[in-house]
Amino acid sequence: MNLPIDGVHCEYDARAVHVWSDAPLVVLSSAVVGSELTRARHIINVHVPRDYANRSPRDDLDAFARAHGIAEPFIGLLTAAKTERAQIVTERDAATTVIAIVTVGISHPIAAGITPAAPVTANTINIIVIADARVSIAARVNAIITATEAKTLALIEHDVRAPDGSRASGTGTDSIVIATTERGAAYEYAGPISPLGALIARAVRRAVLGALDERRRTNDR
């Protein structure tokens, strides 16, 4: 499917979410694979079983990429959430379009600063944000903070709880990708009340809420 940003596309099914761009996107991410990349055309969020314990996720992501004709460096995420239920939300104003593509798994919610260290699990909340804009390095870091705040707010609104009963802030393995086209309006800031940050916050919050609503309807963790 073509996304409402020229030259950016997305497909998703039970195997993965695949976002690709005709031109390289500038990226900042906490991805399992590709976090060192500053530019990439492909972002993949691949489904794995909840008991996934492969010590080499790079091998699995590389195999998926090869099978789908991706022959260049890519951003790679893993999730036990159902990728066919990915939520895609667009927010725009007169200057900029922002898209949030989110998969949500909350079998292992945590409260940051309260939940103790524990083994890593595959269930996770993965957020991909794409902005049709030119964005400074500082604003990219702002964008990660803003998206995380919006995610946590959505969890609070759904009263998701950590094992000790505290309100959940996320899961133990959440990942995020901030990608920009580097064309159009320029932004130095992306805090939640800046023009760009407000778009990001609304898109991420709506996407996470949509995923949580669907999980509640289907009684799926």
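Along the sequence shown, residues carry numbers from 1.
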Take Thr180 and Leu25, measure what side chain to side chain contact (heavy atoms under 4.5 Å, CB included) needs, and give me the verdict at the end.
CA-CA 5 Å; Thr180 62; Leu25 300 168; over 6 Å; no

Please test Asp6 against Val8 for side chain to side chain contact (heavy atoms under 4.5 Å, CB included), starting from the C-alpha separation and ending with a verdict.
CA-CA 6 Å; Asp6 287 344; Val8 182; over 6 Å; no

Run the side-chain hydrogen bond (donor to acceptor under 3.5 Å, both in side chains) test on Thr103 and Tyr12 for me, step by step, so that the C-alpha distance in whole Å, both residues' side-chain angles and the decisive distance to 0.1 Å come before the verdict.
CA-CA 11 Å; Thr103 55; Tyr12 62 99; over 6 Å; no

Let me see the working for Gln87 and Val104 under side chain to side chain contact (heavy atoms under 4.5 Å, CB included), right down to the final yes or no.
CA-CA 9 Å; Gln87 299 289 309; Val104 173; over 6 Å; no

Start with the C-alpha gap between Met1 and Ile88, add the side-chain angles, then the distance that decides, and say whether side chain to side chain contact (heavy atoms under 4.5 Å, CB included) holds.
CA-CA 11 Å; Met1 62 183 291; Ile88 302 177; 4.0 Å; yes

CA sep, side-chain torsions, deciding dist, call: Glu149, Arg205, salt bridge (charged side-chain N to carboxylate O under 4.0 Å, His left out):
CA-CA 9 Å; Glu149 290 176 352; Arg205 176 175 170 271; over 6 Å; no

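Asn142 meets the side-chain hydrogen bond (donor to acceptor under 3.5 Å, both in side chains) test with no other residue; sequence neighbours excluded. Here Arg217 pairs with Asp213, Glu214 under the side chain to side chain contact (heavy atoms under 4.5 Å, CB included) rule; sequence neighbours left out. Scanning for side chain to side chain contact (heavy atoms under 4.5 Å, CB included) contacts around Asp60 gives Tyr52, Asn54, with sequence neighbours left out. Shown here are the side chain to side chain contact (heavy atoms under 4.5 Å, CB included) partners of Ala203, two or more places apart in sequence or in another chain: Val89, Glu91, Val98, Ala100. When the side-chain hydrogen bond (donor to acceptor under 3.5 Å, both in side chains) test is applied to Arg39, no partner is found at least two apart in sequence or on another chain. Under the rule for a side chain to side chain contact (heavy atoms under 4.5 Å, CB included), the partners of Arg41 that lie at least two apart in sequence or sit in another chain are Pro24, Glu72.
With hydrophobic clusters built from ILVMFWY side chains whose heavy atoms lie under 4.5 angstrom apart, Val27 shares a cluster with Leu77. Hydrophobic clustering of Ile, Leu, Val, Met, Phe, Trp and Tyr side chains at less than 4.5 Å, counting indirect connections, unites Ile178 with Val208. Connection of Val160 to Val204 is established within a shared hydrophobic cluster, with ILVMFWY side chains joined at heavy-atom distances below 4.5 Å, either directly or through further cluster members.
Arg167 and Thr152 form no side-chain donor-acceptor contact under 3.5 Å, judged by distance and modelled atom types alone. With no hydrogens or angles considered, no side-chain donor-acceptor pair links Asp13 and His47 at under 3.5 Å. A donor-acceptor pair shorter than 3.5 Å can be found between the side chains of His18 and His42. In this structure, a donor-acceptor pair under 3.5 Å is absent between the side chains of Arg134 and Thr181.
If you take OG1 on Thr124 and CG on Asn126, they are separated by 4.5 Å, rounding to the nearest 0.5 Å.
Between Ile44 and Val17, the closest side-chain pair of non-hydrogen atoms is not below 4.5 Å. Counting heavy atoms from C-beta outward, Ile125 and Leu155 have side chains that approach closer than 4.5 Å. Under the 4.5 Å side-chain criterion, counting only non-hydrogen atoms from C-beta, Ile130 is in contact with Val19. Side-chain contact between Leu196 and Val135: present, with at least one pair of heavy atoms (C-beta onward) separated by less than 4.5 Å.
Of all heavy-atom pairs between Gly34 and Ser29, the closest is O-OG, 4.3 Å. Here the closest non-hydrogen pair linking Val46 and Ala16 is CA-CB, 3.9 Å. Contact detail for Leu37 and Ala40: the closest heavy-atom pair is CD1-CB, 4.2 Å. Taking both residues in full, the closest heavy atoms of Arg206 and Thr90 are given as NH1-O, 3.4 Å, listed atom of the first, atom of the second, then distance. Smallest separation of non-hydrogen atoms from Ala81 and Gly105: CB-N, 3.7 Å. When all heavy atoms are compared, the tightest approach of Ser30 to Ser35 is C-CB, 4.4 Å.
Electrostatic pairing of Glu84 and Arg15 does not count as a salt bridge here, judged by no charged N lying under 4.0 Å from a carboxylate O.
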